[in-house]
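A, B, ... follow the sequence lines: proteins, then strands. Residue 1 opens every chain.
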Amino acid sequence: MIIRLYLKPVGRCRTMPNPENHIRVRFAPSPTGHLHVGGARTALYNYLYARKTGGKFILRIEDTDAKRSTAESYKGIIESMEWLGLNWDEGPLRGGDFGPYTQSRRRVLYNNEAQKLIDKGKAYYCFCTPERLETMRFEMEEKKLPPKYDGRCRGLSEVEVAERLSKGIPHVFRFKMPIEGSVFFRDIVRGEFSFENGNLDDFVLIKSDGRPTYNFAVVVDDAHMKISHIIRGDDHLSNTPRQVHLYRALGYNLPKFAHLPMILGSDHSRLSKRHGATSIAYYRNRHYLPEGLLNYLALLGWSLDGKKELFTRKALIDKFSLKKVSKNPAIFDNSKMEWINSEHLKEVSLAGKISLVQDVLDEEGLLPPEFDVDITKPVDLKIVPGREEMKEEKSHNYKMSDKEIERLATIIIVLGNRLKLLKNIPAIIGYFYTDDYKVDEEAVRMHLLRSEIPNRMNKLADEYEKLKYFDRKSAEKVLRDLAFDLKIAAGELIHPCRVALTGKIVSPDIFWVVVLLGKDKTVERLRKAAKLYSVI
RNA sequence: GGCCCCUUAGUCUAGUGGUCAGGACGCAUGGUUCUCAGCCAUGAAUCAGGGGUUCAACUCCCCUAGGGGCUACCA
């Protein structure tokens, strides 16, 4: 009894959520380009950590580089984040209690903080010209010395500073780095670090244009936004000691750090434009599924047990852990990404697929279809689950009729697992919607360019023309009977027929293709092929 | 040049002082089938190298090499 009374409060203290100590993480891109897979992965881990812990996920735009920041980049990043469903709790478009969330609008704060450091003697004015710094750096490199700022302005007296200020000489603020000693910090994924102060120099805090540098702005913002965990790319690891000094000098508590391994290009170098497909917008434009991309990205630097690899967003949130983040840089592998995408596509409901495929058809100009087809036995629309929501959910350019939706639903069912990548839709089913589809020459050579073929195609067309009930079963019977009469293997008709109808060597079940094309189109294309290739 | 980080098949990874080093993508082969996809089965392929420590090292320590980062009035 005594023990219980004694222990209870202790336990409660440990588990009670402390509002002052809540988890707050952030993703802080600079709008100097599109959101690429590396940035998206960082954003994802922050998002997952926040959702898992019930914390807040903040988006902050770091546009302190006036020359490189653009409004287009800003817009692109926001759009990509929204497409991925990486919803932020505070930030642009959403607001929050710690705004503004764009650094260019927080100038006053940085100046105040810098002034505080000047007042405390932890920073100083520097009037060195960029030219002087450049020649100094050049000379130090010549002498094979580490190129550090030489501290010329560090010892300027108040009078000297005032004098130069009154002359209007451009200046920056520099941090007064301790000459001796070292900094320590702990990283959740990498362990403990100790850096010699001697290797660090008096870096710039505020540039001569009055804007803060990255290292200064992040610290001020992270502190003011009460960020508890800094989850970011490992390219920032070497910046961390500088930032730790700033936290100390400014008198703020140190957040926890988690540095993520970088995502590299296939040549093991840092991701850049020349690596091609690196932007999220690229995958979006090609109709990849956000869930699939997220799943793949999650696996680049994190794994649950090395076995389970397919995760829904919910499962990721449930299973994610910073402790299981790996230290090794990862290379983006497109084929695995596509595989994961196809696995996710398999899980999409029929209604969902119809909507997705309709988007692609629409975008590729395949809607409305060039020809109408009445399917004798289409999929019963009543059995398309979730069809009601589907109709209202999206507004496509072209509204399909019920009949067209039925046909598309059937096409999708018939496609089955062949539908792996939405971007391939025009290539795999274009011939159902237009007569202007691509004809594979190799396929023609293999299956149509033989003297006996045209005659057979015409015969098949004749038989199909006679057919009253144009369903899959009858379509198959007609072809097989004809093959029997001609004393040839069914394949001898099937393959040329496939090429005649689709222009391709591969397609879904040929009898379904016949049905989905309808009697008129089937007969027309068979005859056309017969005519076209009879000259030989 | 200085400082820092990383190193398990082609790629992403699991893993322990004693394991047949596990999984996945990709690749190859066979089966099913009208082709393809799928599915099933099978296979090839890995602990960067060298020193230690230890009865024993992929695992711990050191060195080398390779890759990456920071060293900007870029972020």
Can a donor-acceptor pair under 3.5 Å be found between the side-chain atoms of A/Lys336 and the base atoms of B/rA24? yes
Heavy atoms under 4.0 Å, any strand shown: does A/Thr64 hit a base, just sugar-phosphate, or nothing? sugar-phosphate
Base, sugar-phosphate or nothing for A/Ala330? Non-hydrogen atoms, less than 4.0 Å. sugar-phosphate
With respect to the side chain of A/Arg137, which nucleotide from B/rA72, B/rG69, B/rA24 is positioned closest? B/rA72
Is it the case that A/Arg41 places NZ or CZ above or below the six-membered ring of A/Tyr45, under 6.0 angstrom from the centre and within 45 degrees of the axis? yes
Under 4.0 Å, counting only non-hydrogen atoms across every strand here, what does A/Leu133 touch: a base, just sugar-phosphate, or nothing? base
Answer yes or no: side-chain N or O of A/Asn239 and base N or O of B/rA75 forming a donor-acceptor pair under 3.5 Å. yes
Could you please name the option among B/rC12, B/rC74, B/rA24 that lies closest to any side-chain atom of A/Glu309? B/rA24
Taking A/Ser182 for the side chain and A/Glu196 for the main chain, is one N or O donor matched with an acceptor at less than 3.5 Å? no
Regarding A/Tyr296 and A/Glu338, is there a side-chain donor-to-acceptor distance under 3.5 Å anywhere? no
Nearest to side-chain heavy atoms of A/Ser269, which nucleotide of B/rG68, B/rU7, B/rC25: B/rG68
A/Ile510 CD1 - B/rU35 P separation (whole Å): 12 Å
So, does the side chain of A/Arg418 form a donor-acceptor pair with the base of B/rC36 at under 3.5 Å? yes
